[in-house]
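See below for the structure under consideration.
To find a chain, count down the sequence lines: A is the first, B the second, and so on, and within it residues start at 1. If you're wondering where the values come from, they're calculated on a predicted model, not measured in any experiment. What's counted below: heavy atoms across the whole structure, side chains too, no hydrogens, waters or symmetry copies.
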Amino acid sequence: METSKVIYNDEPVKWLLYPALCFLIFGMLVGLFISINGFLMPDYFSGEYIHFGRVRPVHVGSVLLLWLLSADVGLLFYLVPRLCGRSLWNPTLAKIGISIWWFSLIFGNLSYPFGTNWGWEYAELPMFVAFVPVKVIFLVGWLMMAATMLVTIAGRVYEKMYVSLWYSLGAIIWTTITVYIGWFYIYQIEGGISRVNASFFYVHNLVGLIFTPMGLAIAYYFLPKFANTPIYSHRLSMVGFWSIAFTYAWIGAHHIIHGPVSQWLQTTAIVFSLWLFIPVWSVVTNLFGTLRGNWKKYLESPGIRFIMMGNVFYLLTCVQGPLMALRNINEITSKTDWVIGHSHISLFGTFTFFAIAGVYYVIPRIVKKPLWSPELADWHFTLNLFGSLFFILPLWIGGFLQGLEWANWANGKTYAEYLQNISVVPFIETVAHMQPWWLLRTLGGAIVVFANFIFVFNMFNTIILPPREETAALKESA
Amino acid sequence: MKQFRQDLGHKVEHSFWGTFIGIFLFFCCAIAITLVVPPLVDPTWSENTSHYQKQLYELGDPRVFISNSVTGNYDLQFVAYMEAGKTLSAFIEGEHSRIVAPEPLKKYISKENGPIHLTNKILFLRQPSSSFKDEVERLQGELKKAFTEEKPNWKEKGMTLPIFQVMELYDSGLKEGFSTSATEGALEDFAESDFVLVDMESKDKGHLFIKNPVEYRVREIEVPTGKGYLYSQKGKPIASLDELKKMGFWSRQELIEKGERIYAIEGCWYCHTDQTRTLVQDVVLNGSDAYPAPPSTASEYIYQDVTFPGTRRIGPDLSRTGVKRPSRDWHKAHFWAPKTASPGSIMPSFQHFFDDDPRGTPGAKVGVPNLQFEAIYQYMMTKGTRLTSPSKAWWLGQDPVNTKEIIDGHAK
């Protein structure tokens, strides 16, 4: 599909990927810290600037925006020009955009402990941090970057758009509108539940219409590249794309089922949540199908392993998601650690795995050196996989059990019976029952942090050090 | 047919604009129906839960002012800001108290068991002046006689004679004034059905009012940090709202807004939900010893800038805290050391809510003591207490939102 005659400018890719790798470690370390200081030894380090509530948004903001979103956009800057067959339009504009993107995100994210949290989930950024309008700066930076990609796609050399380009195009539009709604529009409407509804619209679409299309663009591009085979079915990928475009934006209200929003809105969200099975099955089938008959490649390349395991996690998370939206299952899982497990399997298990695979492909090629140590990459995958299972499974199991304990209060027919139930197992006791699961979560998390430390170490060695002699020379596949 | 499909596929894939517009249209359709339409078709997203809620937020909160206002006296002072024509007051005689007034003002006095007479004039109570001396003595005598007739053997029972208080009602003639406020906490005096509007008209079905206002006057005193103020009937009246604010008073509205901000900043909402869901486990978790808590409705949240329904319950739900935990002292102890106050809790301590004294009492400052604590406390006291007027409260067994029907899935 590509010609090697075009010279691609990979500066924007580097500007996004290198810092993002550092923030991967930073964000995960903060997560590990709060899993200990918030749960295992609650409030051991106590005080205004370090307690759980002030530090948690730093973890979420770092892994979500500083690592995952930045890495995803960096990978888009790599694959979009190559799929269009032309160099990126106006890389200077992109680099200016990236600079102010980093400035606003870093400045905003690190300010939370000092009391700038704005109170909306995933949209904790305030309008101003010490007179710096971080939200506006971020949006301007993003629009600059988006413009360079849009013009590149519009003026592409290859007429046909590969599915990754569709997803990229979708991601650009959806990101812009979703961010606008979650960060700005929310203040233009009435206070109360209208804003809550807009907030959950944003929360869900951040995952569904930003990370999903970006992650799938990456998976659809790098899996065939790694395996050197074409994608299983273009038509199936189109089904997946358009069903995502149609269903995802409707389901924000499934975050507040049984809550104070209109029943018809909850039902709408539940129905559309169930339709998500269509894009999910098409994506999963397509990615597995691509490797059909070629499974030995799974053993050979950590990149393929990351994409395929990400795919398995994608299946899991997307089976969970619609089921969790059903009223009876939601009654048990909602507001428990199951939800935390669910958000980690989608954002970490799926989309971080995809992004890591992309980084494994891209960095050796943009620095034109082989991967510093393939063995470390193998270790990275294995530790990351087992660490993530250790860390996510306890959250599911523990959360589900806690949800059952709460549901047990409702056994009986009269209010007196309910009161009797809750006096036998009061709320505080159901919290105490989570302790062993939280311990396992921290252990798994520690393994994950260690694994990704190896990853980042390997990557920066690839970038900085001369190639090791024993590593076979890796050529950029044309 | 095959040729047709290939052509179509090519044309669709070919079209950058087709993709662009397709994505955009799908998205706009979803936005229109899930974001724009719901507030338009569901009135509860913008309607009040009750007259009481509306008046408390719009009329009560901006006019109740809180401060310690003086060093060395840690008790909070509650001052009501009265505006002629806007705020209502009532002068109600009790079992052992009577009110005397010149003839033209007598219509503003409410009898003990009669309807409440409400007025929007600024009238105050004070110790009776000498011109009422005879009447005061007569009334006290009557009260004493009634008491001894009702309980002839009160001495044998070891009872003491109550203080028979008589106050004088007078017209201040002011356009705006300040009174000591009888109520301090989450609940306010509200005339629901049995009331009379004196010399005024209103279509509202209920009215917030100030009960038996006495003018708030202060005496200036010297304190190490500057000027302090001590409540004194012989002091000078407050001239204006600005003057009151300069004395360090914050309105309850300002405190609630600050409390909401603190709730966001400290990340309370990561571990606490603020919604009683339509589930039995939620109505029992938040319910009182006798009655289930009503599930949250959209109307409860309409006065909030940021609403925190929450996604995780590491700590209990807070949507009915004002009823379940009304005590300021309990919250003080709990914020200072949650793990001690509530064994098994993993909540961090919030000692920075308090001024510098280790037991959470204020340092030598004029103004609201423990400002951050007071703000978050006032914010939490709005939770669950404002759905209906106190006489129709859910904790008295009234059911404002058809709890049972919602639970059973019968309600809309």
Would B:Phe26 and A:Thr247 count as a side chain to side chain contact (heavy atoms under 4.5 Å, CB included) if you check the C-alpha gap in whole Å, the side-chain angles of each, and the deciding distance to 0.1 Å? CA-CA 9 Å; B:Phe26 271 150; A:Thr247 55; over 6 Å; no
What part of B:Phe353 lies closer than 4.5 angstrom to a heavy atom of chain A: side chain, backbone, both or neither? neither
Taking the side chain as everything from C-beta on, heavy atoms only, tell me whether B:Ile346 gets closer than 4.5 Å to A:Gln435. yes
Could you go step by step and tell me if A:Trp409 and B:Leu279 meet the side chain to side chain contact (heavy atoms under 4.5 Å, CB included) rule? CA-CA 10 Å; A:Trp409 296 338; B:Leu279 294 173; over 6 Å; no
So does A:Tyr415 have more than 12 non-hydrogen atoms from other groups sitting under 6.0 Å from OH? yes
Can you tell me which portion of B:Ile33 sits under 4.5 Å from chain A's heavy atoms? Options are side chain, backbone, both or neither. both
Of the backbone (N, CA, C, O) and the side chain (C-beta and beyond), which part of B:Cys29 lies under 4.5 Å from a heavy atom of chain A, both, or neither? both
Apply side chain to side chain contact (heavy atoms under 4.5 Å, CB included) to the pair A:Tyr418 and B:Val283, showing each step before the final yes or no. CA-CA 9 Å; A:Tyr418 306 150; B:Val283 301; 5.7 Å; no
One option among B:Asp289, B:Thr44, B:Thr34 has the most heavy-atom pairs under 4.5 Å with chain A, and it is B:Thr34
Around atom CG of A:Asn328, are there more than 12 heavy atoms of other residues, nucleotides or ligands at under 6.0 Å? yes
To the closest 0.5 Å, what do you measure between CZ (B:Phe308) and OG (A:Ser199)? 10.5 Å
For the interface with chain A, which of B:Pro338, B:Cys268, B:Ala290 has the highest count of heavy-atom pairs at distances below 4.5 Å? B:Ala290
Under 3.5 Å, side chain of B:Tyr270 to main-chain N/O of A:Gly53, donor-acceptor pair present? no
Chain A interface, residue from B:Arg313, B:Lys339, B:Glu300 that has the most non-hydrogen pairs under 4.5 Å: B:Arg313
Suppose a student defines contact as a heavy atom less than 4.5 Å from any heavy atom of chain A. Which residues in residues 254-264 of chain B would they list? B:Arg261, B:Ala264
Any non-hydrogen side-chain atom of B:Ile31 less than 4.5 Å from a side-chain atom of A:Ile181? yes
Does any backbone or side-chain atom of B:Glu266 lie under 4.5 Å from a heavy atom of chain A? Answer side chain, backbone, both or neither. both
Does the side chain of A:Val261 come within less than 4.5 Å of B:Pro38's, by heavy atoms? no
Quick one: of B:Asp317, B:Asp305, B:Val41, who has the most non-hydrogen atom pairs under 4.5 Å with chain A? B:Asp305
In terms of ring plane angle, is the pair A:His51 and B:His352 parallel, tilted or perpendicular, where the classes change at 30° and 60°? parallel
For B:Ser345, side-chain hydrogen bond (donor to acceptor under 3.5 Å, both in side chains) partners two or more places apart: none
Closest heavy-atom pair and its distance - B:Gln281, A:Ala407: NE2-CA, 3.7 Å
Could you check whether any side-chain N or O of A:Asn117 sits under 3.5 Å from a backbone N or O of B:Gly267, counting only pairs where one atom can act as donor and the other as acceptor? no
B:Trp45 side chain reached by A:Val196 side chain, heavy atoms, under 4.5 Å: no
Give a yes or no on whether the backbone of A:Ile257 and the side-chain of B:Arg277 come within a donor-acceptor separation of less than 3.5 Å. no
Can you check whether A:Lys335's main-chain N or O pairs, donor with acceptor, with B:Arg312's side chain at less than 3.5 Å? yes
Side chain, backbone, both or neither of B:Ser319 within contact of chain A (heavy atoms, under 4.5 Å): neither
Which of the residues B:Ile302, B:Ile314, B:Thr273, B:Val37 is involved in the greatest number of heavy-atom pairs with chain A at under 4.5 angstrom? B:Ile314
Looking at A:Trp120 and B:Thr307, what are the two nearest heavy atoms and their distance? CZ3-O, 3.5 Å
